[in-house]
Amino acid sequence: MNIIAVDDERAALWTLEQGILGAAKQAHLTCFTQGQDALDYAATTPVDVAFLDIEMAGMNGLFLAKRLKEIRADTNIIFVTGHSSYSCDAFNIHASGYVMKPINPERIALELDNLRAPVRLPDEGVRIQCFGNFEVFVDGKPMVFVRSKSKEILAYLVDRRGASVSKKELAAILWE
């Protein structure tokens, strides 16, 4: 999961960073103090979740959220602010969440668990190794065959590359 955090106050950004890292240990987090830097980053790198302060010097967090949504519509926006007065504006933008300061990892984790557009991690799919030992991997994990003959049948079918095979032919190959 690729996350960005934007706050113009360095101390608040550091607190937010610690909260996000405490809640999403496997995430890739990039922090910004300027909204334009975050937009430049989002233009070249897909952002799954953006934690944005609303009141910032220069670019307002609401404007930044709209621009991020223009770049990638399924970016989850979570506003992090000390002001509850912006909640209506935030939900008009279809934000995924609204966190009041001070930040804690539990609240961040709750917001990440309830995203408007859940982040889907790419599946590795099925990989078949034919050199050396014949092995089948599903999502990076080796597949376990209960019977050795089922593994041999699959190896033969892979070798045939989709050509039809009769039961007699399989029997002759497997039990000579």
So, taking the atom named CD1 in I4 and the one named OG1 in T75, what distance separates them when rounded to the nearest 0.5 Å? 7.5 Å

Within a strict 4.5 Å, meaning less than it, do heavy atoms of the E17 and L29 side chains meet? yes

Could you give me the CA-CA distance, side-chain angles and deciding distance for Q129 and N133, then say whether side chain to side chain donor-acceptor pair (under 3.5 Å) is met? CA-CA 7 Å; Q129 173 183 308; N133 291 335; over 6 Å; no

Could you give the distance from CG (L64) to CE (M56), rounded to the nearest 0.5 Å? 5.0 Å

Does the side chain of V80 come within less than 4.5 Å of Y98's, by heavy atoms? no

Would Y156 and E169 satisfy side chain to side chain donor-acceptor pair (under 3.5 Å), going step by step from the backbone distance to the final call? CA-CA 11 Å; Y156 185 72; E169 185 179 353; 2.6 Å; yes

The reported gap from CZ in R116 to CD1 in I78 (rounded to nearest 0.5 angstrom) is 11.0 Å

Check whether any side-chain heavy atom of M59 sits under 4.5 Å from a side-chain heavy atom of Q36, and report yes or no. yes

What's the separation between atom CD in E135 and atom CZ in F145, rounded to the nearest 0.5 Å? 8.0 Å

Taking a hydrophobic cluster as the set of Ile, Leu, Val, Met, Phe, Trp and Tyr residues connected by side-chain heavy atoms closer than 4.5 Å, whether directly or through intermediates, do L115 and L110 fall within one such cluster? no

Closest non-hydrogen atom pair between A109 and A23, with its separation: N-CB, 3.6 Å

Which heavy atom of N76 sits nearest to which heavy atom of S96, and what is that distance? OD1-OG, 2.8 Å

I need the N92 CG to H94 NE2 distance, nearest 0.5 Å. 7.5 Å

With the threshold set at 4.0 Å, does a side-chain nitrogen-carboxylate oxygen contact exist between R107 and E111? yes

Can V49 be reached from L39 by stepping across I, L, V, M, F, W or Y side chains whose heavy atoms are under 4.5 Å apart? no

Would a hydrophobic clustering, with Ile, Leu, Val, Met, Phe, Trp and Tyr connected at side-chain separations under 4.5 Å, put F134 with F137? no

Output for pair (K25 NZ, I20 CD1), nearest 0.5 Å, gives 12.5 Å

Polar side-chain atom of S150 near backbone of V146 as donor-acceptor pair, under 3.5 Å: no

Do you know which two heavy atoms are closest between M143 and V138, and how far apart they sit? SD-CG2, 4.3 Å

Would you call R161 and D159 a salt bridge, taking side-chain N to carboxylate O under 4.0 Å as the test? no

Side-chain contact, heavy-atom cut-off 4.5 Å: K168 with L170? no

Criterion side chain to side chain contact (heavy atoms under 4.5 Å, CB included) on F79 and I93, from CA distance to verdict: CA-CA 11 Å; F79 289 106; I93 295 173; 4.3 Å; yes

Cluster question for you: counting only ILVMFWY and a side-chain heavy-atom cut-off of under 4.5 Å, with indirect links fine, are F91 and F51 together? no

Between I54 and L62, which heavy-atom pair has the shortest distance, and what is it? CG2-CG, 4.1 Å

In this structure, which one of L68, D7, L16 forms a side chain to side chain contact (heavy atoms under 4.5 Å, CB included) with L52? L68

Please check this pair: side chain of N2 against backbone of P46, looking for a donor-acceptor N/O pair closer than 3.5 Å. yes

Would you check if the side chain of D8 reaches a backbone N or O of A57 as a donor-acceptor pair within less than 3.5 Å? yes

Ignoring hydrogens, what is the shortest heavy-atom contact between A24 and I3? Give both atom names and the distance. CB-CD1, 4.3 Å

Looking only at side chains, do N60 and Y86 share a donor and an acceptor under 3.5 Å apart? no

Okay, side chain of T45, backbone of A42: is any donor-acceptor separation there less than 3.5 Å? no

Are any of the side-chain nitrogens in D48 or R72 under 4.0 Å away from the carboxylate oxygens of its partner? yes

Checking the side chain of K149 only, and the main-chain atoms of L174 only, is there a donor and an acceptor separated by less than 3.5 Å? yes

Would you check, one step at a time, whether the test side chain to side chain contact (heavy atoms under 4.5 Å, CB included) holds for H28 with M1? CA-CA 6 Å; H28 178 264; M1 178 180 337; over 6 Å; no

Indicate the atoms forming the closest heavy-atom contact of G19 with I103, along with that distance. CA-CG2, 4.4 Å

Where the side chain of R10 meets the backbone of W14, is there a donor-acceptor pair that is under 3.5 Å apart? no

Side-chain heavy atoms under 4.5 angstrom apart, residues restricted to Ile, Leu, Val, Met, Phe, Trp, Tyr: same cluster for L154 and I173? no

Assess whether a salt bridge exists between D53 and K101, defined as any Lys/Arg side-chain N lying under 4.0 Å from an Asp/Glu carboxylate O. yes

